[in-house]
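Okay, so here's the structure we're looking at.
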There are 2 protein chains.
Amino acid sequence: MVTGPRGLSIGRIAAAAGVNLETVRYYERIGLMPPPDRTEGGHRAYDAAHVRRLAFIRHARALGFGIEDIRTLLALAAPGHRSCRDVRDIASAHLAEVRTKLAQLARLERILGDTVDRCSGAATPACPVLDMLDAPM
Amino acid sequence: MVTGPRGLSIGRIAAAAGVNLETVRYYERIGLMPPPDRTEGGHRAYDAAHVRRLAFIRHARALGFGIEDIRTLLALAAPGHRSCRDVRDIASAHLAEVRTKLAQLARLERILGDTVDRCSGAATPACPVLDMLDAPM
DNA sequence: CATGCATCCCGTAGCCACTACGGGATCAAG
DNA sequence: CTTGATCCCGTAGTGGCTACGGGATGCATG
């Protein structure tokens with residue numbers, strides 16, 4: 001099994017995963033990405049496993065999982081440790097948080113939307129938005 | 001017009017507005033709250049205007065406005081400068097952001113909810129959540 | 001008046017997940 | 001061999017607070 005070319009640069013895997021180059025370095029610093037090999041000159045040289053791991057992280061972040069959750073998910077995703085039950089526990093806890101935020105944001109949108117609708121847009125002092133901010137809620 | 005008692009302590013106005021004491025100090029540090037009078041011993045002594053201003057800020061934060069927006073809103077709420085048009089511009093810009101976040105969060109909830117539903121909860125290696133995180137999205 | 005305890009003082013550092021900066025080294029193409 | 005893109009590293013900044021700690025004050029008792 002030949003490894004092929006010497007490995008991908010940090011810029012390449014960052015672009016491949018759709019994340020910032022500095023984010024990859026950050027993930028390495030916090031131990032989320034394992035340190036890759038280096039070229040003679042000290043540049044990082046990644047392999048396919050790194051690319052997969054970074055994609056996993058990126059997907060999990062896109063779903064709103066926090067770094068610590070992702071750390072756990074990565075451990076649970078390792079061969080031999082896969083347990084759907086544990087994964088589901090993390091995912092449903094996160095889902096519950098998402099639903100809470102969603103409800104809060106929807107409430108906020110409703111109040112804000114209603115108030116802005118009542119705004120005349122005139123250059124007058126009277127303003128429903130300011131009235132609401134002044135009044136107790 | 002007598003000012004009455006010497007003024008409220010930071011702890012009292014914080015409790016009155018439902019914010020942390022340290023948050024009030026923070027607002028003063030960043031220039032959102034004006035520095036109040038002090039007692040001989042150096043403790044802050046607030047008046048009714050401070051209380052109203054803090055309540056305004058608290059309401060605006062509850063609606064998700066950022067600090068800089070609130071700074072502007074406070075200026076626009078000052079007597080003589082009240083302009084419903086300017087206020088509405090800020091509020092509707094914020095509303096647009098809220099709606100964007102709401103849509104993103106709703107999408108996230110849908111994907112996450114669907115995937116978790118397909119989870120058996122069994123102690124098996126096969127897991128829809130991990131499958132999704134591994135696969136390109 | 002003394003005591004004790006709650007409250008407040010201030011500066012600093014930490015939280016999350018990045019992002020930005022800057023001066024120098026390295027890489028790869030021509 | 002030159003050039004221009006990329007990468008190196010450490011550090012600091014973002015938003016909006018929150019926490020900490022050691023000392024000073026305020027106020028209500030005894």
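Just so you know, these numbers use all the heavy atoms, side chains as well, and skip hydrogens, waters and symmetry mates. Per chain, numbering begins at 1; letters A, B, ... match sequence-line order.
Here A:Arg44 does not reach the OP1 or OP2 of D:dT6: none of its side-chain N or O atoms lies under 4.0 Å away. At least one side-chain nitrogen or oxygen of A:Tyr27 sits closer than 4.0 Å to the OP1 or OP2 atom of C:dC18. Note on B:Tyr26: every side-chain N or O is 4.0 Å or more away from OP1 and OP2 of D:dG15. Look at A:Ser9 and you won't find any side-chain N or O under 4.0 angstrom from OP1 or OP2 of C:dC27.
Within 4.0 Å of A:Ile30, counting heavy atoms only, lies no atom of the nucleic acid at all. Among the atoms of the strands shown, none is found under 4.0 Å from any heavy atom of B:Phe65.
One atom, CG of A:Asp69, and another, P of C:dC16, lie 12 Å apart when rounded to the nearest Å. If you take CD1 of B:Ile10 and C1' of C:dC9, they are 10 Å apart, rounded to a whole angstrom. The interatomic distance linking B:His43 (NE2) with D:dG26 (P) rounds to 5 Å, in whole Å. Between the P atom of D:dG16 and the CZ atom of B:Arg71 lies a distance of 10 Å, rounded to the nearest Å. In this entry the distance linking CD1 of B:Ile67 with C1' of D:dT14 reads 13 Å, nearest Å. Rounded to a whole Å, the OH atom of A:Tyr46 is 15 Å from the P atom of C:dC27. Atom pair A:Asn20:CG and D:dC7:P shows a separation of 11 Å (rounding to whole Å applied). Rounded to whole Å, atom P of D:dC9 lies 11 Å from atom CG of A:Leu21.
Using modelled atom types, no side-chain atom of A:Asp114 and backbone atom of A:Asp117 make a donor-acceptor pair closer than 3.5 Å. Of the possible donor and acceptor atoms, one in the side chain of B:Arg53 sits under 3.5 Å from a partner among the backbone N and O of B:Leu32. In terms of modelled atom types and a separation under 3.5 Å, the side chain of B:His94 and the main chain of B:Leu63 share a donor-acceptor contact. Panel note: side chain B:Asp131, backbone B:Asp134; no donor-acceptor pair is recorded below 3.5 Å.
Between B:Arg61 and B:Tyr27 there is a side-chain heavy-atom pair separated by less than 4.5 Å.
Contacts between residues 32-39 of chain A and DNA chain D, counted as heavy-atom distances below 4.0 Å, involve A:Arg38.
Checking B:Gly11 against A:Val19, the closest nucleotide of DNA chain C that is more toward the 5' end is the one next to B:Gly11. When each of A:Arg25 and B:Arg29 is assigned the nucleotide of DNA chain D bearing its nearest heavy atom, the one mapping closer to the 5' terminus is A:Arg25.
Residue B:Arg12 places its CZ atom among 12 or fewer non-hydrogen atoms of other residues, nucleotides or ligands, all under 6.0 Å distant.
Not counting sequence neighbours, the partners of B:Glu68 by the salt bridge (Lys or Arg N to Asp or Glu O under 4.0 Å) test are B:Arg71.
Considering only side-chain atoms of B:Glu22, the nucleotide from D:dT18, D:dG26, D:dC7 that sits closest is D:dT18.
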